[in-house]
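Lettering follows sequence order; numbering is per chain, from 1.
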2 protein chains.
Amino acid sequence: MARDTRERIVRVARELVHGSSFAQVSVEDVCQAAGVHKGSFYHFFGSKDALGLTLLDTNWLLVRAMLDEAFDAPAPPLQRIDAFVQGFCGMLVLVAERTGTMPGCPVGPLAAELAPHGDDARTRAAEVLDAWSGYFADAVREGQARGDLARGLDPAEVGRQVLGYLQGMALLAQVDGGAGLADRSRSGVRALLGAPG
Amino acid sequence: MARDTRERIVRVARELVHGSSFAQVSVEDVCQAAGVHKGSFYHFFGSKDALGLTLLDTNWLLVRAMLDEAFDAPAPPLQRIDAFVQGFCGMLVLVAERTGTMPGCPVGPLAAELAPHGDDARTRAAEVLDAWSGYFADAVREGQARGDLARGLDPAEVGRQVLGYLQGMALLAQVDGGAGLADRSRSGVRALLGAPG
DNA sequence: GGGCGTGTTGACCGTTCGGTCAAGTTGGTG
DNA sequence: CACCAACTTGACCGAACGGTCAACACGCCC
């Protein structure tokens with residue numbers, strides 16, 4: 001009796017969905033790729049949408065791990081933001097090299113796709129994106145306190161703009177292949193922060 | 001014999017897809033909403049993907065009309081960019097008020113969704129996004145020539161960043177409702193241009 | 001050993017999907 | 001009027017969809 005069935009389903013589903021979209025991946029696809037029967041799937045997940053929520057949470061956990069790694073480092077706030085952007089873009093490029101197709105952000109598009117599926121999904125999606133932009137906002141606040149950043153900008157606002165910018169650059173990369181994504185993203189983020197490139 | 005059947009299909013399909021995603025809208029949905037039988041649909045479109053391409057082109061035509069209106073105006077380049085951002089965000093908000101749900105960008109997500117469906121789709125998607133960012137790039141170039149903008153930035157690069165930023169802000173708005181989208185987007189675009197807010 | 005909870009199996013359900021088709025209907029043209 | 005092309009109709013196809021179910025296997029604890 002394999003105890004890792006649920007994890008296997010989630011892992012496989014994450015890859016499949018990341019490569020396209022939630023709607024385009026069927027429960028059957030997931031089961032086949034995970035070597036699991038549909039009955040087992042529905043033993044762990046009440047519905048396909050329930051899997052979607054789990055996927056969103058799992059992907060957010062992964063992104064948050066990257067955020068924590070970058071933002072817990074003993075470096076000035078601007079450099080911590082840079083480190084995350086580097087890591088985030090690097091992850092996307094890595095997936096692209098492994099799968100042959102540039103993926104989008106594993107969180108943003110999924111959140112946008114799930115949001116209309118119910119109030120709980122929309123709430124969760126909003127929470128996740130808020131939490132994410134909060135990391136940027138905190139760094140901006142600290143940068144302003146240290147004098148690295150001008151005080152004129154609203155940190156929460158800038159945090160949201162940086163998150164939006166990353167989401168958009170990931171989307172464009174999906175279409176154009178995303179060459180030099182990390183460097184190009186860094187300069188844009190710097191501009192949004194009002195800091196020299 | 002109504003000659004506007006094809007147009008009606010496209011118009012209805014644009015609305016349905018704009019509200020969710022291409023994959024989540026079925027040919028049946030489109031036909032029912034357009035008051036058309038499936039046989040008629042396949043008289044005009046060889047496949048569902050063919051409709052997707054048409055939708056991408058039609059939506060791009062609409063966005064390009066907004067671009068032309070803003071960028072043909074006798075105003076300095078920065079103001080022309082502002083005017084487009086204003087118009088673009090205003091259009092999204094208008095759709096939101098009419099349908100009750102904040103839509104995403106009618107072009108970007110569709111391009112990203114269609115891109116993996118074949119080489120021709122990916123090529124078309126890349127062309128559209130290139131053309132769009134080109135409008136921004138041209139304005140940046142002109143702004144630099146006039147001395148409104150610092151010369152250090154690569155216009156093509158900045159154009160792409162502005163487009164990505166707009167795409168991302170639209171995606172976030174889909175989740176959070178997008179209050180004050182236009183104003184918030186304008187300040188971010190200004191920052192990316194390296195111009196005062 | 002016997003029961004029980006956790007997983008697993010594979011067939012099955014009704015619905016919907018993208019797509020097809022032969023038979024009709026219409027409007028325009030000669 | 002006859003004819004042809006453009007268009008419409010509605011039934012139909014096989015496959016895939018999300019989801020269900022009763023029967024069954026295993027590990028664990030009393």
Side-chain angles (χ1 to χ4, degrees), chain A residues 1-58 110 113-122 124, chain B residues 1-58 110 113-122 124:
Chain A
M1 199 181 303
R3 186 56 77 51
D4 67 333
T5 300
R6 196 193 136 101
E7 298 167 31
R8 210 165 60 247
I9 290 174
V10 171
R11 198 185 64 234
V12 158
R14 283 209 312 127
E15 289 180 12
L16 290 178
V17 170
H18 197 189
S20 55
S21 78
F22 184 65
Q24 277 170 351
V25 173
S26 71
V27 175
E28 195 84 45
D29 292 338
V30 172
C31 290
Q32 197 162 344
V36 157
H37 291 261
K38 217 170 352 181
S40 286
F41 176 93
Y42 281 100
H43 175 72
F44 292 105
F45 301 95
S47 66
K48 193 195 177 188
D49 278 347
L51 171 69
L53 261 305
T54 300
L55 253 37
L56 178 60
D57 284 338
T58 307
L110 184 55
E113 191 174 355
L114 257 36
H117 283 216
D119 287 341
D120 46 343
R122 178 163 43 254
R124 189 84 198 94
Chain B
M1 199 182 304
R3 187 56 79 51
D4 66 335
T5 300
R6 195 193 138 101
E7 296 167 32
R8 209 164 62 245
I9 291 174
V10 171
R11 198 185 64 234
V12 158
R14 285 207 312 128
E15 288 180 13
L16 291 177
V17 170
H18 197 189
S20 55
S21 77
F22 184 65
Q24 277 169 354
V25 173
S26 71
V27 175
E28 196 85 44
D29 292 337
V30 172
C31 290
Q32 197 162 345
V36 158
H37 290 261
K38 222 179 336 191
S40 285
F41 175 92
Y42 281 99
H43 174 74
F44 292 104
F45 300 96
S47 67
K48 193 194 178 189
D49 277 348
L51 171 68
L53 260 304
T54 300
L55 253 38
L56 179 59
D57 284 338
T58 306
L110 184 56
E113 191 174 353
L114 258 36
H117 283 218
D119 286 342
D120 45 343
R122 177 162 45 255
R124 189 83 197 95

query = Under 4.0 Å: is that the gap between some side-chain N or O of A:H43 and OP1 or OP2 of C:dT8?
reply = no
query = What is the distance from CZ of A:F45 to P of C:dT8, rounded to the nearest Å?
reply = 12 Å
message = If you take any heavy atom closer than 4.0 Å to DNA chain C, which residues from residues 22-42 of chain A end up in contact?
response = A:H37, A:G39, A:S40
task = Using only side-chain N and O atoms of A:T5, determine if any of them is under 4.0 Å from OP1 or OP2 of C:dT8.
result = yes
task = Output, in order, the C-alpha distance, side-chain angles, deciding distance and verdict of side chain to side chain contact (heavy atoms under 4.5 Å, CB included) for A:V27 and A:F45.
result = CA-CA 11 Å; A:V27 175; A:F45 301 95; over 6 Å; no
task = Specify the closest pair of heavy atoms between A:L56 and A:L114, including all atoms of both residues, with the distance to one decimal.
result = CB-CD2, 4.3 Å
key: Integer-rounded Å distance: C:dC17 P and B:L51 CG   = 14 Å
ask   = Can you tell me how far CZ of A:R14 sits from CG of A:L51, rounded to the nearest 0.5 angstrom?
value = 11.5 Å
note = Residues passing the salt bridge (Lys or Arg N to Asp or Glu O under 4.0 Å) test with A:D57, sequence neighbours excluded, are A:R124
Polar side-chain atom of B:Q24 near backbone of A:A23 as donor-acceptor pair, under 3.5 Å = no
message = Tell me the interatomic distance from A:R8, atom CZ, to C:dG7, atom P, rounded to whole angstroms.
response = 13 Å
key: Length of the line joining A:R6:CZ and C:dT8:C1', which is rounded to integer Å   = 16 Å
message = Closer than 3.5 angstrom, by distance alone: can the side chain of B:E113 be matched with the main-chain N or O of B:F22 as a donor-acceptor pair?
response = yes
